[in-house]
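Working notes, beginning with the structure itself.
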Amino acid sequence: MRYEILNTKLLLLGTLVLLLSNCAKDSSTPLSTIAIPQLLTELPTVLEETSGLIKRDDRLLSHNDSDGGAKLFQVSEHSATMEKEWMIMGAENVDWEDLAMDEQHVYIADIGNNFGLRPHLDVYQLRLEDMEKDSLMAQRIRYTYPDQIDFTSRPDHNFDGEALIAFGDSLYIFTKNRQDRQTNLYALPKQPGEHKARFYRTFNTDGLITAATVEESLGILCLLGYNRAHESAPFEPFLWLFYDFPSTDFFAGAQLRLELDIEEQVEGICFSGDRQLLISSEAKNGQSAHLYQLDVSDWIP
């Protein structure tokens, strides 16, 4: 009887230790959960390779990547009707990957660098006050990565980029690290000219980052991305949410990873309202490009 009592006490003690251990682990590990985006509409065929997304005056702006030319498109949010098209003068589309916006400018991120060959990357700055015109003149913000010294062609490296935000007086780039599946954060001034990006820090996203958006008034940063086991495997999209961060130390606050319950190549993201997100995906495998909506108010207080 004593042995049974002793064994019971030991079992309870072991269970308590295990629970405490798990609690300690959870407190230092970002939470992860599944989220189901709502399909809003198909995007026009001209945006089959949509690769950037912002919302301005209840209209969506997007562009294609390297096959799309130096053009910016405006579409309706709910019907995805094509409303306007701009030629971007003074710019070329080497590999456009994201859009950002502040109170005065739109920024086009020509920062795709699939094989690590590009010694210079560009962000094109457009004036919002010119958006009523039929063509827009771009100012070039050119930069280099301070830690890239190898420009030989290779598929696995950490100097590809597909995510850009405008925050405060700077632009911030989140790299798509094909080598270690993390992201490096760099900062640029908003002034046209040639610059060397400032490296901030690395965050383990456990996947490839393809787009970013920030709501400065709410203090919420979103990083969109995906994983894929091999070329013929389905896409596994995810979304990182960062909030309650101090100043521009985006990774120092609360963190949450959402696994998105869709199998598409997600490439664009923007805020559409208070904790409402819009997500665009490229056309793949006979499917059209799509526009999704995701309400994250259940996860962010």
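Below, all heavy atoms of this structure are taken into account, side chains as well, without hydrogens, waters or symmetry copies. Just so it is clear, the model here is predicted, and its values are computed rather than measured.
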Steps toward salt bridge (Lys or Arg N to Asp or Glu O under 4.0 Å) verdict (D110, R118): CA-CA 11 Å; D110 188 1; R118 299 178 66 182; 3.3 Å; yes
Side chain to side chain contact (heavy atoms under 4.5 Å, CB included) assessment of I262 paired with Y292: CA-CA 10 Å; I262 53 176; Y292 289 91; 3.9 Å; yes
Intermediate values then yes/no, side chain to side chain contact (heavy atoms under 4.5 Å, CB included), I88 and L72: CA-CA 7 Å; I88 309 302; L72 187 64; 4.0 Å; yes
Steps toward side chain to side chain contact (heavy atoms under 4.5 Å, CB included) verdict (T175, N158): CA-CA 7 Å; T175 57; N158 293 337; 5.6 Å; no
From CA spacing to verdict: side chain to side chain contact (heavy atoms under 4.5 Å, CB included), V123, L164: CA-CA 9 Å; V123 177; L164 175 77; 4.1 Å; yes
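Partners of D95 by side chain to side chain donor-acceptor pair (under 3.5 Å), not counting sequence neighbours: none found. Under the side chain to side chain donor-acceptor pair (under 3.5 Å) criterion, N113 pairs with no residue, sequence neighbours left out.
Remark: side-chain polar atoms of D57 are not paired, donor with acceptor, to backbone N or O of R59 under 3.5 angstrom. Looking at H105, its side chain never comes within 3.5 Å of a backbone N or O of L126 through a donor-acceptor pair. Between the R228 side chain and the E231 main chain, a donor and an acceptor come within less than 3.5 Å of each other. At least one donor-acceptor pair closer than 3.5 Å links the side chain of S62 to the backbone N or O of G52.
A salt bridge links D249 to R201: one of the charged nitrogens lies within less than 4.0 Å of a carboxylate oxygen. Checked for salt-bridge contact, D206 and R181 miss the test: no charged N lies under 4.0 Å from a carboxylate O. Between R178 and D156 there is no salt bridge, since none of the side-chain N atoms of the basic residue sits less than 4.0 Å from a carboxylate O of the acidic one. Note on K176 versus E162: salt bridge recorded, some NZ/NE/NH1/NH2 to OD/OE distance being below 4.0 Å.
Side-chain contact check for R275 versus L218: some heavy-atom pair is nearer than 4.5 Å. Between Q265 and Y226, some side-chain heavy-atom pair lies under the 4.5 Å cut-off. Looking at H290 and E264, their side chains come closer than 4.5 Å, going by heavy atoms from C-beta outward. N177 is not listed as a side-chain neighbour of Q179, based on a closest heavy-atom distance of 4.5 Å or more. Side-chain atoms of I141 and Q191, non-hydrogen and from C-beta on, never get closer than 4.5 Å to each other. Within the 4.5 Å cutoff, the side chain of P192 has no heavy atoms near those of the R140 side chain. A heavy-atom distance below 4.5 Å is not found between the side chains of D122 and I111. Taking the side chain as every heavy atom from C-beta outward, L260 and L294 approach each other to under 4.5 Å.
Across every non-hydrogen atom of H63 and K71, the tightest pair is CB-O, 3.6 Å. Of all heavy-atom pairs between P234 and E263, the closest is CB-OE1, 3.7 Å. When all heavy atoms are compared, the tightest approach of F238 to E259 is CB-OE1, 3.8 Å. The two residues W86 and M131 have their closest heavy-atom pair at NE1-O, 3.1 Å. Closest non-hydrogen pair, W299 versus I34, comes out as CZ2-O, 4.0 Å. Residues A283 and A289 come closest through the heavy atom pair CB-N, 3.6 Å.
Screening Y143, Y145, F159, Y186 against F199 for a ring pair (Phe, Tyr, Trp, His ring centres under 6.0 Å) leaves a single residue, Y186. Tested against F251, the residues Y172, F203, Y200 include a single ring pair (Phe, Tyr, Trp, His ring centres under 6.0 Å) partner, F203. In summary, of the residues considered (D98, I269, L278, L99), a side-chain contact (heavy atoms from CB on, under 4.5 Å) with I54 occurs for L99 alone.
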Donor-acceptor pairs are to be reported for all side-chain atoms of residues 207-216 against protein atoms at under 3.5 Å, with residues two or more places apart or in another chain.
unit_1	atom_1	unit_2	atom_2	d
T210	OG1	L224	O	3.4
T210	OG1	V266	O	2.9
E215	OE2	S217	N	3.4
E215	OE2	S217	OG	2.7
E216	OE2	G168	N	3.4

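More than 12 heavy atoms of other residues, nucleotides or ligands sit less than 6.0 Å from atom NZ of K84. Within a 6.0 Å sphere centred on CE of M87, other residues, nucleotides and ligands contribute more than 12 heavy atoms. When the shell of 6.0 Å around CG of L117 is examined, it contains more than 12 heavy atoms from other residues, nucleotides or ligands. The number of heavy-atom neighbours closer than 6.0 Å to CG of D169, taken from other residues, nucleotides and ligands shown, is 12 or below. Under a cut-off of 6.0 angstrom, the local environment of CG in D134 is sparse, with at most 12 non-hydrogen atoms contributed by other residues, nucleotides or ligands.
The distance from atom CD of Q276 to atom CD of Q293, rounded to the nearest 0.5 Å, is 5.0 Å. Rounding to the nearest 0.5 Å places OG1 of T81 at 11.0 Å from CG of L43. The line from CG of L188 to CG of L171 is 6.0 Å long, rounded to the nearest 0.5 Å. Rounding to the nearest 0.5 Å gives a distance of 4.0 Å between CZ of F271 and SG of C222. Atom-to-atom distance recorded for E267:CD and K284:NZ is 8.0 Å, nearest 0.5 angstrom. The CD1 atom of I165 sits 10.0 Å away from the OG atom of S170 when rounded to the nearest 0.5 Å.
Side-chain contact annotation: S272 with E77, donor-acceptor N/O pair under 3.5 Å present. S66 and N93 are not linked by any side-chain donor-acceptor pair at a separation below 3.5 angstrom, with hydrogens and angles left out of the test.
The aromatic rings of F250 and F245 sit perpendicular, their planes meeting at an angle over 60°, well past the 30° parallel limit.
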